Amino acid sequence: MKLHPFVRIENSLREILTGAGAKPAAGQVLVERPRRPEMGDIASPAALRLAGQAGCKPLELARQLADQLVGLPEVAAAEPVAPGFVNIELTGAALAEPAALALADRQRFGRPAAAGGSVLLEYVSSNPTGPLHVGHGRAAAYGDSVARILKHAGWQVATEYYLNDRGRQVDILAASLWLRIMELRGHFAGPMPAGCYAGEYLREVAAGVDAVGSERGDGQMIDVTNLPAAADAAALEVVHRVRQRLGDRQLAELAELAVGRICAGMKQELARFRVGFDNWFSEKEMIESGKLTPALDKLAAAGATYRKDGALWFAASRHGDEKDRVLVKSDGAATYFASDVAYHLDKYGRGFDRYVNIFGADHHGYVARLRGFIAALGEEPGKLEVPLVQIVALVRAGQRLKITTRGGVFSTLAELVDAVGVDAARLFFVLNRPDAQMEFDLDLAVRESAANPVYYLQYAHARCCSVLARWGGERSSLQLDASALIQPAERSLLVELAWFESTVRSAAAELAPHLVASWLYELARKLHAVYEGEPIIGAPEPQQRARLALIAAAAGALATGLDLLGVAAPNKMERRT
RNA sequence: GUGCCCGUAGCUCAACGGAUAGAGCAACGGCCUUCUAAGCCGUCGGUUGCAGGUUCAAAUCCUGCCGGGCACGCCA
């Protein structure tokens, strides 16, 4: 496959620099996007960075680079500029190559030649104790876009959802469900005890249980008075009393039922949000298949655990964490962290080159101990990347909303999507860097949905389609004739199309979908500029066919870019009333 | 108190250590007899929280302050 013209120029620069005695690092970026168009199509700061190695002044090295670059077939002009940049202008033919690819095969457009390795991407992984809320939506949109971008950049991607389907929270969920069943049958009039799951969704689950004619829940209501004051303790006491009434088995069945229903709801909501997972990894199944003990044994064999006060500890402080962590409590129960040790051992055993765990920012304290035991086990902690997705603060009627699952007051992803639509929500979540805190004003999102950036991008695509439809010919008959595209706006659009591949590479390396969003915005802007300029249909040949080809290329590029963000590229926009 | 993230235009945010810090929203003024005006053009808006340091070059890296968020359990 022919390399991207920018890459070919970069490779040539590397050769020239090496010949001049400089030693550019393997991955060092040698070309970049100039700030202003009069600085050329691409620019190289290489002379500034490497003049020392070559033993001359930056501007002098830049002159050498420019002299040799003009000899390349891709280069129309190359100019050294103080303090040591080289500004490069490409030939029309070279510049049109990426656009031609967008026209001919938009699936390959922006796909780097170098293949990536394999990556396991874990994200969302919210506890199956309630519907997904808006914060999970941000993680879902971010994670799914990262997955799409990595795939496009040539990585083999597997996505995974880690399901905490056992443990205390699930017990509390089961007991809460039972209370809702009792409520439905008139044996309990609420309110839900503190610490239990009070959300409306459990009423719906309870109604479903009734509908299938379950016997569970028959018998007498438990006493829910005289509970401890603390919410956690109260919930545990409720679990205890329900367990006494029903027995372990029935409680476990209720838990399975509740988790099953809630998971089904989450999957449905994620599907509507265009997010799917290759694998749902069940903590419960992992534990039941006996993976916990060998994992802890392995840590012990590595000399990283010890016993103290009747508990089993991991010496995390020896591996970069601030303190040691309990693996098995003095009552014999394994902690959540112990499960995570087993889970990550399982992950690393699957032999991926790269592991990405997308965490909510409230879990940032967890990263050090995760890397700690990976190091303790002799694995490579650098293979694990943990992008943190910051909390989304919801604002409604000028007030910050508290998002809590147990309290029953929260804003679900479903509500948000109902209000603003999948496209707007998905784009909104990947518009910014994930580690920036963001406010989501629900009123504004609804009221201003027409001004949402998503419409700007989609409208650009629809405009292209509209022109092509009016023309009525076959897109496959079009060819990019760069010699007929001489208007500044046209050239500017070609340049923008050419930058997509390096945008994809950066976005994949930095796990940064917002770079794709920014690129799309620039592309749309330049498309609109072409549209507003010279007429397309009715222009004399060869301009008409060349412009149509450019428009078709832009349409393909917009569709490909939007697809990487999970946003639809409609052929037409319904006119607002 | 300790640790992590953040601080850029009135608001929401961009900017691989590079050249004159950019968009959108908001405000104001223009452009539909013509391929969709969900668009385009223009105006207004900045001591990049503060102070030092490193560098040919700092919003970006380092140190210290100030401000905001989050986390600091034999919870998950």
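Within every chain, numbering begins at 1; the chains are lettered A, B, ... in the order of the sequence lines, protein sequences first and strands thereafter. Computed from a predicted structure; not experimentally measured.
Taking the side-chain contact (heavy atoms from CB on, under 4.5 Å) definition, one finds that A/Arg307 meets it with A/Leu312, sequence neighbours left out. Residues passing the salt bridge (charged side-chain N to carboxylate O under 4.0 Å, His left out) test with A/Arg138, sequence neighbours excluded: none. Partners of A/Ala311 according to the side-chain contact (heavy atoms from CB on, under 4.5 Å) rule, which considers only residues two or more places apart in sequence or in another chain, are A/Trp313, A/Val326. Residues meeting the salt bridge (charged side-chain N to carboxylate O under 4.0 Å, His left out) test with A/Arg470, sequence neighbours left out: none. A search for ring-ring contact (aromatic ring centres under 6.0 Å, His included) contacts involving A/Trp499 returns A/Phe6, not counting sequence neighbours. A/Arg433 meets the salt bridge (charged side-chain N to carboxylate O under 4.0 Å, His left out) test with A/Asp435; sequence neighbours excluded.
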Protein N or O to nucleotides 9-15 of chain B N or O, pairs below 3.5 Å:
| unit_1 | atom_1 | unit_2 | atom_2 | d |
| --- | --- | --- | --- | --- |
| B/rC13 | OP1 | A/Gln437 | O | 2.7 |
| B/rC13 | O3' | A/Asn432 | ND2 | 3.3 |
| B/rC13 | O2' | A/Asn432 | ND2 | 2.9 |
| B/rA14 | OP1 | A/Arg433 | N | 2.8 |
| B/rA15 | OP1 | A/His514 | NE2 | 2.9 |

Could you write out each protein N or O paired with an N or O of nucleotides 1-4 of chain B at a distance under 3.5 Å?
| unit_1 | atom_1 | unit_2 | atom_2 | d |
| --- | --- | --- | --- | --- |
| B/rG3 | N2 | A/His364 | NE2 | 2.7 |

Output one line per pair: protein atom, nucleotide atom from nucleotides 28-30 of chain B, and distance, for all N/O pairs under 3.5 Å.
none

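Counting only Watson-Crick or G-U wobble pairs whose defining distances are both under 3.5 Å, the stems of 3 or more consecutive pairs in RNA chain B are B:1-7 with B:66-72, B:10-13 with B:22-25, B:27-31 with B:39-43, B:49-53 with B:61-65.
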Below 3.5 Å, can you tabulate the donor-acceptor pairs from side chains in residues 47-57 of chain A to any protein atom, sequence neighbours excluded?
| unit_1 | atom_1 | unit_2 | atom_2 | d |
| --- | --- | --- | --- | --- |
| A/Arg49 | NH1 | A/Val29 | O | 3.3 |
| A/Gln53 | OE1 | A/Lys23 | N | 2.6 |

Which atom pairs, donor and acceptor, lie under 3.5 Å between side-chain atoms of residues 512-525 of chain A and protein residues at least two apart or in another chain?
| unit_1 | atom_1 | unit_2 | atom_2 | d |
| --- | --- | --- | --- | --- |
| A/Ser518 | OG | A/His514 | O | 3.0 |
| A/Trp519 | NE1 | A/Glu496 | O | 2.9 |

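Both A/Leu468 and A/Val29 lie close to RNA chain B; mapped to their nearest nucleotides by heavy-atom distance, the more 5′-ward contact belongs to A/Val29.
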